[in-house]
Amino acid sequence: MRMVDLIHKKRVGEALSEQEITFIINEYTAESIPDYQMSAFLMATFLNGMTDEETSFLTLAMAGSGEMIDLSAIAGVKVDKHSTGGVGDKVSLIVGPVVASLGIPVAKMSGRGLGHTGGTLDKLESIPGFQIELSKEAFIEAVNTNKIAIVGQSGNLAPADKKIYALRDVTATVDSIPLIASSIMSKKIASGAEAIVLDVKIGSGAFMKTVEDARVLARTMVDIGTRLNRKTIAMITDMDQPLGREIGNANEIRESIDVLRGTGDKELTEVAISVAAYMAVLGKVFTSFEEAQEAVRDIISKGKALDTFKRFIASQGGDSCVVDQPELLPTAAYHIEVTAQQAGFINEIQAENIGIAAMVLGAGRAKKEDLIDYAVGLTLNKKIGDAIQIGESICTIHANRLDVAEVEAMILDAYKITSTQPAPKQLIYDVIE
């Protein structure tokens with residue numbers, strides 16, 4: 001078998017067999033296929049696409065390119081959750097304790113953030129003492145004891161995906177549905193998930209900009225999961241404005257605590273409740289979404305999820321006192337108000353620009369090696385549909401420096417104020433099963 005022949009086959013639009021795709025992934029991981037040939041293959045795939053069968057073969061081959069995590073020692077159905085990413089998306093921090101409180105094991109392996117704000121791991125590391133590295137034995141014990149543990153991904157988890165993703169980034173082949181779907185699903189399969197809830201974001205702060213494109217990606221990932229014997233559901237949710245009101249690592253921990261306390265942002269709460277309810281259905285605790293949703297609301301209202309969150313933090317070395325004393329979390333030195341220069345209604349918030357503004361403060365990474373400042377971030381005092389007066393604060397900048405004129409300008413540019421109130425935003429556009 002020769003790589004040049006497989007490139008030609010894909011270039012002319014023919015489907016590859018499981019054996020051929022496995023050959024490509026194994027040989028590239030072993031560095032027997034050079035980057036220039038893989039680049040040619042990725043471009044041929046970008047231009048001609050893949051069949052559903054090919055995409056499943058690619059997913060399985062990438063999952064099998066490294067360690068396949070065995071979670072059979074954990075009792076119950078292991079349900080994982082993945083978001084395609086956005087600004088202010090702290091849903092994993094909320095649904096983990098909620099689902100664990102229902103007796104469903106949450107054995108989650110997460111990555112760090114690159115760009116915008118930090119990832120789930122960065123947010124958790126803003127809690128003093130929290131450890132994201134656990135041995136496999138300690139990880140399994142933590143899940144069996146507390147029903148939840150969230151750790152960093154193994155360095156050998158789907159290594160082919162890491163190599164290919166880096167190449168896609170520099171060959172203009174990132175936005176290919178088969179390549180996106182197989183990248184996401186390969187890591188979920190390799191990390192031992194038996195059932196998966198996918199949160200596919202759309203809008204100005206998301207990778208997918210239209211509902212139609214999001215549906216194609218969601219359907220592709222659900223089909224992959226089904227072909228590989230994983231129960232899979234995909235939700236398409238709004239990211240035309242940041243989710244919740246807090247952006248920044250410690251800030252987002254605070255907001256997650258508020259939601260678990262039952263006093264959090266309404267839109268963030270509703271999305272988190274829906275994600276948790278679908279996880280509970282896939283975890284076979286409930287047979288209907290409506291029944292699961294009611295149970296999730298009850299768990300939050302009775303404080304059970306908050307208690308689980310405390311145990312989860314303590315079990316991984318963190319200071320669980322932050323739940324009752326959020327002031328123990330890292331706090332910025334300066335809090336600077338950005339005020340409106342005209343009156344009216346908030347018509348639009350460019351979520352990506354808000355995310356970049358937070359990154360400039362130090363809440364995210366422009367480069368992989370950048371250090372994160374856990375204390376900095378933004379609080380959105382006004383969201384789409386809210387009325388605003390001249391001089392009223394639309395956003396609070398939390399910074400460890402006073403020279404934030406660039407950040408202030410980015411925020412003012414991200415907000416669009418009009419004289420008429422826009423229609424309410426739709427939170428959940430579709431659910432694909």
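Everything quoted here is computed from the prediction, not taken from an experiment.
In this structure, the separation between CG on L217 and CD on E212 is 13.5 Å, given to the nearest 0.5 Å. Between the CD atom in Q37 and the CG atom in L42 there is a gap of 12.0 Å [rounded to 0.5 Å]. Here the straight-line distance linking atom NZ of K162 with atom CG of L167 works out to 15.5 Å at 0.5 Å rounding. To the nearest 0.5 angstrom, I247 atom CD1 is 8.5 Å from N251 atom CG. With rounding to the nearest 0.5 angstrom, the CE atom of M221 is 9.0 Å from the CD1 atom of I432. Between atom CD1 of residue I132 and atom CD1 of residue I150 there is a gap of 11.0 Å, rounded to the nearest 0.5 Å.
In this structure, E406 places its CD atom where only 12 or fewer heavy-atom neighbours from other residues, nucleotides or ligands lie under 6.0 Å away. The environment of CD in Q341 is sparse: at most 12 heavy-atom neighbours from other residues, nucleotides or ligands sit within 6.0 Å. For E294, the CD atom sits in a loose shell: 12 or fewer heavy atoms of surrounding residues, nucleotides or ligands are nearer than 6.0 Å.
Look at R311 and D307 and you find no salt bridge, because none of the NZ, NE, NH1 or NH2 atoms lies under 4.0 Å from a carboxylate O. In summary, D122 and R365 engage in a salt bridge, as defined by a charged side-chain N under 4.0 Å from a carboxylate O.
Listed by chain and number, the residues in a salt bridge (Lys or Arg N to Asp or Glu O under 4.0 Å) with E67 amount to none (sequence neighbours excluded). The side chain to side chain contact (heavy atoms under 4.5 Å, CB included) search around Q131 returns none, not counting sequence neighbours. Partners of K266 under the salt bridge (Lys or Arg N to Asp or Glu O under 4.0 Å) rule, at least two apart in sequence or in another chain, do not exist in this structure. Under the salt bridge (Lys or Arg N to Asp or Glu O under 4.0 Å) criterion, E246 pairs with no residue, sequence neighbours left out.
With hydrogens and angles ignored, the 3.5 Å screen pairs no side-chain donor or acceptor of S256 with any backbone N or O of R254. Without hydrogens or angle criteria, D213 side chain to R215 main chain gives no donor-acceptor distance under 3.5 Å. With hydrogens and angles disregarded, no donor-acceptor distance shorter than 3.5 Å links the side chain of R230 to the backbone of T232. Between the side chain of S32 and the backbone N or O of Y28, no donor-acceptor pair lies under 3.5 Å. E408 contributes no side-chain N or O that, together with a main-chain N or O of A405, makes up a donor-acceptor pair within less than 3.5 Å. The main-chain N or O of I384 is never found under 3.5 Å from a side-chain atom of E348 such that the two would form a donor-acceptor pair. A donor-acceptor pair under 3.5 Å is absent between the side-chain atoms of D223 and the main chain of D52, judged by distance alone. Between the N146 side chain and the I148 main chain, no donor and acceptor come within less than 3.5 Å of each other. Checked by atom type and distance alone, the side chain of E133 never pairs as donor or acceptor with a backbone atom of G152 at under 3.5 Å. Not one N or O on the side chain of D258 forms a donor-acceptor pair closer than 3.5 Å with the backbone of T263.
Judged purely by distance below 3.5 Å, without hydrogens or angles, the side chains of K81 and S92 pair a donor atom with an acceptor atom. Side chains of Y415 and N347: a donor-acceptor N/O pair is absent below 3.5 angstrom, by distance only. For the residue pair T55 and S182, no side-chain donor N or O sits within less than 3.5 Å of a side-chain acceptor on the partner.
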Just distance, no hydrogens or angles: give the donor-acceptor pairs under 3.5 Å from side chains in residues 193-205, sequence neighbours left out.
unit_1 : atom_1 : unit_2 : atom_2 : d
E194   : OE1    : K78    : N      : 2.8
D199   : OD1    : T237   : OG1    : 2.6
D199   : OD2    : K201   : NZ     : 2.9
K201   : NZ     : T237   : OG1    : 3.0
S204   : OG     : D240   : O      : 3.2
S204   : OG     : A351   : N      : 3.1

Under 3.5 Å, which donor-acceptor pairs do the side chains of residues 319-330 form with other protein atoms, sequence neighbours left out?
unit_1 : atom_1 : unit_2 : atom_2 : d
D319   : OD1    : C321   : N      : 3.0
D324   : OD2    : K310   : NZ     : 3.0

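For F130 and F312, the gap between ring centers is short of 6.0 Å.
For the side-chain hydrogen bond (donor to acceptor under 3.5 Å, both in side chains) with T173, the qualifying choice from T171, D175, D169 is T171, the only one to do so. Each of V87, I394, I411, I354 was checked for a side chain to side chain contact (heavy atoms under 4.5 Å, CB included) with I349, and the lone residue meeting it is I354.
Minimum interatomic distance between K382 and R245 (heavy atoms only, all atoms of both residues): N-NH1, 3.8 Å. In terms of heavy atoms, S126 sits closest to A250 at OG-CA, 3.5 Å.
K383 places none of its side-chain heavy atoms less than 4.5 Å from the side chain of K425.
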